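The structure presented is a predicted model; accordingly, all values stated were derived computationally and were not measured.
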Amino acid sequence: MSSRKDIIQNIATSKLKLDHIDFKKTSLKEMFGINVFSEAAQRERLSKQIFKALQRTIKKGDTLDPAIADAVAASMKDWALEKGATHFTHLFLPLTGLTAEKHDSFLTPTGDGTAIAEFSGKELVKGEPDASSFPSGGLRATFEARGYTAWDPTSPAYIMEGPNGATLVIPTAFVSWTHESLDKKTPLLKSMDVLSGQAKRILKLFGKHVTKVFTTVGPEQEYFLIDSQFYYARPDLINAGRTLFGAPPPKGQELEDQYFATIPERVIACMADCETQLFKLGVPVKTRHNEVAPGQYEFAPLFEDSNLATDHNQLVIEVMRRTAPKYNLAFLVHEKPFAGINGSGKHNNWSMATDEGENLLNPGDTPHDNAQFLVFTVAVIRAVAKYPELLRVTVAHAANDHRLGANEAPPAIMSIFLGTQLQDIIDQLEKGDAKSTKPGGVLDIGVDVLPKLPKDAGDRNRTSPFAFTGNKFEFRAVGSSQSIGGPNTVLNTIVAESIDFVATALEKSISAGKSLHAAIKELLPVLIKENKKVLFDGDGYSEEWHKEAEKRGLPNLKNTVDALPVIVRKDSIDLFTKYKVFTEGELKSRFYVLCEQYVKTVNVEARLTSFMGKTMIVPACLRYQTEVAGSVAAVKAAGVDPTVQLELLKTLTSSISTLQSSLTALDGALAHHASGEPIDHAKYYRDKIIPAMNAVRMAADKLEGFVADDLWPMPTYREMLFIR
């Protein structure tokens, strides 16, 4: 019996004991945030003076007073010890795109054979992990190891429970000894500050004096779950996160019977377990459902401050990664773990809100006369129209190249869908003034017992990479595995620049004696005319749109290698240095890191392709070839015409020869190395290595279609996606 059949039998006969959480006894409301050093916990444990000082930093952006650090640390330590914590760690987001942490014990020996639990303000505020082995793109040499983690009080500390004790986790920024940011949090925080400052200028013109404007995000997280026994039998899934081989299954997603279908029992048990942990950590996960592809699912949270949402999204991924094995499941967050079916994204629902709770992208009931909403919306349109390539590069990496542009995800062309109602208002504005709003109306289903439903004024467009969806913009091109820190840093910055431009123009007109209404009426039509090329409400998947986009002059950076040079273009450097989100050196470092990550990712995949092809697939095919050759001999010996067997043998022999030739070509491509700059290496891997890998896969997948099933050496798509 083959190992694949052993796996299937094990799955079919195993009796997994699922964790059952009794929510009759465990109140969701009481559970939420119990493992977070939240505002409520701070108010309870800190003196009024210390509490108010800390809240001014968190809510108003005041500089953190070092004098309060010891008091906060002492209270945080006592709270953590009561929760069972034995260690603390500074959690940060290095340029790997993952989280990083170094644990230190609270225990301090006293010298008399005993010990005490200590945690000082200095330990809270600053950590010092080794920075030499993290990607830095030349900002730090290997021998320059010093890096600092700096406490981020706007993202509250929390307790991560483990099987043996718990850990106090403190979200931090990560910077070098020479002051450069080495992470994704620091630039994000800077971009949020910049946008806040510019947005307050607009609000001031409308007579509103707010303390702070936040960007808010609700990132929908798509992922796959497959049985872990299948996962461990696939070296490509273990090492590359995606299948490098796999023939299309007889049934894929064409019946569309997976989407929003009943969630399998084992999967929903895993989801509930994860949600319980996330509720304790204050992560507002709201929605769970089956996604389009078989074996694909989604978590969606409520909106939060962009910085907190970024940290929480990393927590969602980490909790899922830790929890899935309890249910004999493997959690796959790669953008395209399976060829030929939908990949996974992370829809980045983005908006702006004041510290008083006003959503600046909420159109209200009559958006045509909501001048404030229209000003901010047109500013966003201008930002996307002026910086589409920067927005594109935020989602550029090797894994997402497999997903973007296919009939499952937005194209690489950046465009905006506004919806029928808002597009009509923008069209009116372009002509001079908006005088009406198309009503949504009522949806009469035509069945007496069913209620009449309020109808939205426009449909949605899932092919748009940047779509207005009621009170937010949904950036749909973000990949499922990547941190949302990078995309939101760029989005915040380009919108801040656009708001700056609009505020400056309005202020100039008002200072010249015009009313605010007159200044807006004069400015917005001009901006719409200049930037409407980015507005598109049709099918983003169609060839017609690609042709139309080219006519409009919209860039189409089809892959990562085409996109990456945008980072170090002069206009990009000028933008980010003007607003002090990145220095020129930091931008160049990101460019080098992303080039290097692209090359390393493809190199790992190519070496795996060669390894699996030579050690798993070719031997299986040769065994089958031997069986078929034996059959030919046996038929001949019986005096029967062996034509049928010979045809199979010829086809098999030819296909194996093609596979071996393609493996030789791949090895040859890997043996040669491009010279020049990092982008030249990336181009070589895109133009030489990836086509060579694809040739190997094509030959192997063809063989999977007729080699004896009991000889095929790894789990197939039809097994991994449908045996649950």
* **Contacts of type side chain to side chain contact (heavy atoms under 4.5 Å, CB included), residue Val36, not counting sequence neighbours** => Ser38, Pro156, Tyr158

* Asked: Where the side chain of Thr463 meets the backbone of Gly540, is there a donor-acceptor pair that is under 3.5 Å apart?
  -> yes

* Considering only heavy atoms from C-beta outward, does the side chain of Pro678 approach that of Glu596 to under 4.5 Å? -> no

* Structure fact -> For Thr601 and Ala398 the tightest heavy-atom approach is CG2-CB, 3.9 Å

* Asked: To the nearest 0.5 Å, what is the distance between CG (Asn603) and OH (Tyr685)?
  -> 3.5 Å

* Asked: Taking side chain as C-beta onward, heavy atoms only, is Leu168 less than 4.5 Å from Trp79?
  -> yes

* To do: Dump the intermediate steps for side chain to side chain donor-acceptor pair (under 3.5 Å) on Gln229 and Asn10, then the final yes or no.
  => CA-CA 9 Å; Gln229 294 179 81; Asn10 288 340; 3.3 Å; yes

* Asn349 versus Glu220, side-chain donor and acceptor atoms under 3.5 Å -> yes

* Donor-acceptor pair, Glu101 side chain versus Val169 backbone, under 3.5 Å? -> no

* List the steps and the verdict of side chain to side chain donor-acceptor pair (under 3.5 Å) for Glu298 and Thr287. => CA-CA 8 Å; Glu298 179 181 295; Thr287 303; over 6 Å; no

* **Side-chain H-bond candidate by donor/acceptor type, Lys472 with Thr469, under 3.5 Å** => yes

* To do: Could you tell me how the ring of His289 sits relative to the ring of Tyr259: parallel (under 30°), tilted (30 to 60°) or perpendicular (over 60°)?
  => perpendicular

* Pair Glu586 + Arg590: basic N to acidic O under 4.0 Å -> no

* Under a 4.5 Å cut-off applied to non-hydrogen side-chain atoms, are Ser344 and His334 in contact? -> no

* Step by step, would you call Tyr327 with Val267 a side chain to side chain contact (heavy atoms under 4.5 Å, CB included)? -> CA-CA 8 Å; Tyr327 299 88; Val267 171; over 6 Å; no

* Distance-minimising heavy-atom pair for Ser181 and Thr186 -> CB-CB, 3.7 Å

* Can Arg697 and Thr609 be said to form a side chain to side chain contact (heavy atoms under 4.5 Å, CB included), step by step? -> CA-CA 8 Å; Arg697 176 169 192 159; Thr609 299; 5.9 Å; no

* Asked: Should we count CZ of Arg607 as having more than 12 external heavy atoms under 6.0 Å?
  -> no

* Backbone N/O of Val292 and side chain of Asn342: donor-acceptor pair under 3.5 Å -> no

* **Ile159 and Thr167, any side-chain heavy atoms less than 4.5 Å apart** => no

* **Non-neighbouring partners of Lys59 that pass side chain to side chain contact (heavy atoms under 4.5 Å, CB included), sequence neighbours left out** => Glu39, Gln55

* Parallel, tilted or perpendicular: which describes the rings of Tyr717 and Phe338, with under 30° parallel and over 60° perpendicular? -> perpendicular

* Min side-chain heavy-atom separation Thr310-Leu93 under 4.5 Å -> yes

* Will you find, in the side chains of Thr323 and Gln277, an N or O donor that is under 3.5 Å from an N or O acceptor? -> yes

* Out of Lys185, Met192, Lys190, Lys184, which residue meets the side chain to side chain contact (heavy atoms under 4.5 Å, CB included) rule with Leu188? -> Met192

* To do: Return the minimal non-hydrogen interatomic distance between Pro235 and Leu608, and the atom names on each side.
  => O-CD2, 3.9 Å

* Asked: Is a donor on one side and an acceptor on the other found under 3.5 Å between the side chain of Gln42 and the backbone of Phe37?
  -> yes

* Sequence neighbours left out, what passes salt bridge (Lys or Arg N to Asp or Glu O under 4.0 Å) with Arg392? Give chain and number order. => none

* Asked: Aromatic rings His103 and His87: how do their planes relate, parallel, tilted or perpendicular, breaks at 30° and 60°?
  -> tilted

* Apply the test side chain to side chain contact (heavy atoms under 4.5 Å, CB included) to residues Ile341 and Leu721: give CA-CA distance (whole Å), side-chain angles for both, the deciding distance (0.1 Å), then the verdict. => CA-CA 10 Å; Ile341 64 171; Leu721 294 172; 3.7 Å; yes

* Using the side chain to side chain donor-acceptor pair (under 3.5 Å) rule, take Thr560 and Asp401 through it: C-alpha gap first, then chi angles, then the decisive distance, then the call. => CA-CA 7 Å; Thr560 294; Asp401 279 356; 2.9 Å; yes

* Apply the test side chain to side chain contact (heavy atoms under 4.5 Å, CB included) to residues Met160 and Leu315: give CA-CA distance (whole Å), side-chain angles for both, the deciding distance (0.1 Å), then the verdict. => CA-CA 10 Å; Met160 180 62 81; Leu315 261 179; 3.4 Å; yes

* Validation row: Phe331, Arg322 side chains within 4.5 angstrom (heavy atoms) -> no

* Asked: Any idea which heavy atoms bring Lys558 and Ala412 closest together, and the distance?
  -> CA-CB, 4.3 Å

* Asked: Nearest heavy-atom pair of Leu278 and Val319: which atoms, and what distance?
  -> CD2-CG2, 3.8 Å

* Asked: Is the closest side-chain heavy-atom distance between Leu332 and Tyr231 below 4.5 Å?
  -> yes

* Asked: Is it true that atom NZ of Lys212 has more than 12 heavy atoms of other residues, nucleotides or ligands lying nearer than 6.0 Å?
  -> yes

* Trp350 and its side chain to side chain contact (heavy atoms under 4.5 Å, CB included) partner, picked from Thr216, Ile484, Asn488 -> Asn488

* Asked: Does the side chain of Ile268 reach to within under 4.5 Å of the side chain of Arg288, using non-hydrogen atoms?
  -> yes

* Do the side chain of Thr149 and the main chain of Phe174 share a donor and acceptor less than 3.5 angstrom apart? -> no

* Asked: Any donor-acceptor pair under 3.5 Å linking the side chain of Asn359 with the backbone of Asn471?
  -> yes

* Arg476 backbone acceptor or donor facing Lys346 side chain under 3.5 Å -> no

* Asked: Quick check: does any side chain N or O of Asn400 sit under 3.5 Å from a backbone N or O of Val395, one acting as donor and the other as acceptor?
  -> yes

* Structure fact -> Which of Leu95, Leu564, Val599 passes side chain to side chain contact (heavy atoms under 4.5 Å, CB included) with Leu594? Answer is Leu564

* Structure fact -> Tightest non-hydrogen contact, residues Met720 and Pro715, listed as CE-O, 3.7 Å

* Structure fact -> CZ of Phe473 to CE of Met352, rounded to nearest 0.5 Å, is 8.0 Å

* Any donor-acceptor pair under 3.5 Å linking the side chain of His347 with the backbone of Ala477? -> no

* Asked: Within the distance-only criterion (no hydrogens, no angle test), does the side chain of Ser191 pair as donor or acceptor with the backbone N or O of Thr493 below 3.5 angstrom?
  -> no

